[in-house]
Structures are given as structure tokens and as C-alpha cells.
Amino acid sequence: MASEHRVLVDRIRGAATDVRRAAEAVKAGREATGPRPGEWSARETLVHLRNVVMMAYGLRIRRLVYEENPTFADYDEASHRAATMAHGTTVAQLVGMIVAEHEQLAGLLAELPDDRWSRKGRHPELGEMSIEFLARRVAEHAEEHARQIRETAAAVS
């Protein structure tokens with residue numbers, strides 16, 4: 001595997017660890033408290049992160065592994081987030097799913113030949129997306145929200 005792909009695989013794994021550690025910093029009983037009115041709580045951030053990595057990025061990467069030039073469906077993140085928030089999935093459950101999905105994607109990508117990382121699909125609004133682009137987004141998105149969770153934890157403690 002090319003070194004830049006190995007770095008991305010490691011970054012995906014590291015980002016999941018970062019999310020887990022950030023969630024562990026949230027004080028018990030404060031998981032559903034946002035830092036300011038209208039801002040996401042740690043739990044809502046985790047719901048969003050879980051949904052995006054599993055229902056958008058993860059599915060798209062998997063389709064690119066076995067399909068030629070797929071067209072990706074749009075994803076209504078807000079309605080999925082609202083439904084999950086109403087369901088009551090716990091922070092521990094969310095973190096477990098996020099970490100597991102990152103590990104599965106990292107394992108899949110670690111086996112992927114370098115020439116397959118450039119395989120592309122098309123989103124009707126966002127345009128072309130390659131496996132490499134999506135893998136980078138998996139890591140960046142988790143890193144971004146781990147920072148957000150840490151900031152929220154500090155603000156609500």
C-alpha cells in the first residue's frame with residue numbers, strides 16, 4: 001500500500017480513538033447539554049457523526065469498492081439525526097458504532113490495491129467523489145467533531 005494510503009488508514013483509526021476520548025471527557029449527565037442555546041450537545045454531535053460515517057461515507061466507499069461509477073443518493077442527515085435523538089441511543093452506543101465503522105472502513109481500505117483508491121462515483125449535487133476523497137472525509141469529519149465534542153464538554157462542565 002502506498003504511504004499516503006497507509007497514512008489515511010491510520011488517520012481513520014486515530015480519528016475514531018480521538019472521538020472516543022472526546023466523548024469520555026463529557027461529564028456524566030451533561031451529554032445532552034449544548035454549550036449555548038441552539039448549539040449541538042455532545043450526544044447530538046455523536047448522532048450526526050455516526051449517521052454520516054455509516055449512512056453516507058461508509059456506504060459510498062463500499063459501493064465504490066464493488067461498483068463501476070455509481071450514482072450516490074442524497075442523504076437527509078437532519079431527519080435521520082432528529083429520529084435518532086428521539087430514539088434515545090446512548091453516548092456509549094453511538095461511540096461504539098462510530099469506532100466500529102471506522103475500524104471496518106480502515107480494514108477494508110488497508111486491503112484495497114492502490115489503483116482502486118481513485119475509483120469514482122457521482123453525487124447529484126456534490127459531484128464526483130473517489131474512494132480516496134471519501135476516506136479523507138471520514139478522518140477529517142471525525143477529527144472535526146472530536147474537537148467540537150471536547151469544546152462542548154469544557155463549556156458544559
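This structure is a prediction, so every number in the text was calculated from the model and none was measured. Values reported hereafter were calculated over all heavy atoms of this structure, with side chains retained and with hydrogens, waters and symmetry mates removed.
Partners of H5 under the ring pair (Phe, Tyr, Trp, His ring centres under 6.0 Å) rule, at least two apart in sequence or in another chain, are W117. Every residue two or more places apart in sequence or in another chain was checked for a ring pair (Phe, Tyr, Trp, His ring centres under 6.0 Å) with H102, and none qualifies.
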Worksheet item: Would L126 and D74 count as a side-chain contact (heavy atoms from CB on, under 4.5 Å) if you check the C-alpha gap in whole Å, the side-chain angles of each, and the deciding distance to 0.1 Å?
Response: CA-CA 9 Å; L126 303 174; D74 203 6; 5.9 Å; no
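In this structure, CZ on F72 lies 14.5 Å from CD on E125, to the nearest 0.5 angstrom. Q104 CD to M97 CE: the interatomic distance, rounded to the nearest 0.5 Å, is 12.0 Å. Going from atom CE of M129 over to atom NZ of K120 covers 12.0 Å, rounded to the nearest 0.5 Å. Distance check: L105 CG to I12 CD1 gives 6.0 Å after rounding to the nearest 0.5 Å. I61 CD1 to L134 CG: the interatomic distance, rounded to the nearest 0.5 Å, is 5.0 Å.
A salt bridge links R136 with E132: at least one charged nitrogen is closer than 4.0 Å to a carboxylate oxygen.
For the pair L108 and V65, the minimum side-chain heavy-atom distance is below 4.5 Å. Contact annotation: the side chain of D10 approaches that of R6 to within less than 4.5 Å [non-hydrogen atoms, C-beta and beyond]. For the pair Y75/V52, a side-chain contact is recorded, criterion being any heavy-atom separation below 4.5 Å from C-beta on.
Each salt bridge (Lys or Arg N to Asp or Glu O under 4.0 Å) pair with one or both residues in residues 22-31, not counting sequence neighbours, appears once here: R20-E24. Applying the salt bridge (Lys or Arg N to Asp or Glu O under 4.0 Å) test to every pair with at least one member in residues 91-100, sequence neighbours left out, gives no pairs at all. Screening residues 104-117 for salt bridge (Lys or Arg N to Asp or Glu O under 4.0 Å) gives no qualifying pairs among residues at least two apart or on separate chains. Contacts classified as salt bridge (Lys or Arg N to Asp or Glu O under 4.0 Å) and involving residues 52-69 (residues at least two apart or in different chains) are given here: R62-E101, R63-E67, E68-R119.
Cluster annotation: F133 is not connected to V7 through the hydrophobic network of ILVMFWY side chains, with a link wherever side-chain heavy atoms come within less than 4.5 Å. Note on I131 and M54: same hydrophobic cluster, where clusters join Ile, Leu, Val, Met, Phe, Trp and Tyr whose side-chain heavy atoms are under 4.5 Å apart, directly or indirectly. When the side chains of ILVMFWY residues are joined at heavy-atom separations under 4.5 Å, either directly or via intervening members, L64 and L59 end up in two distinct hydrophobic clusters. Follow the hydrophobic side-chain contacts under 4.5 Å out from L46 and you never reach W40; the two are in separate clusters.
In terms of heavy-atom proximity, A16 sits nearest to V99 at O-CG2, 3.8 Å. The minimum heavy-atom distance between T152 and P35, with the atom names listed, is CG2-CD, 3.8 Å.
When the options H145, E144, R137 are evaluated for a side chain to side chain donor-acceptor pair (under 3.5 Å) with H141, the one that passes is H145.
No side-chain N or O of S41 forms a donor-acceptor pair with one of E44 less than 3.5 Å apart.
Judged by distance alone, the side chain of R11 and the main-chain N or O of V138 form no donor-acceptor pair under 3.5 Å.
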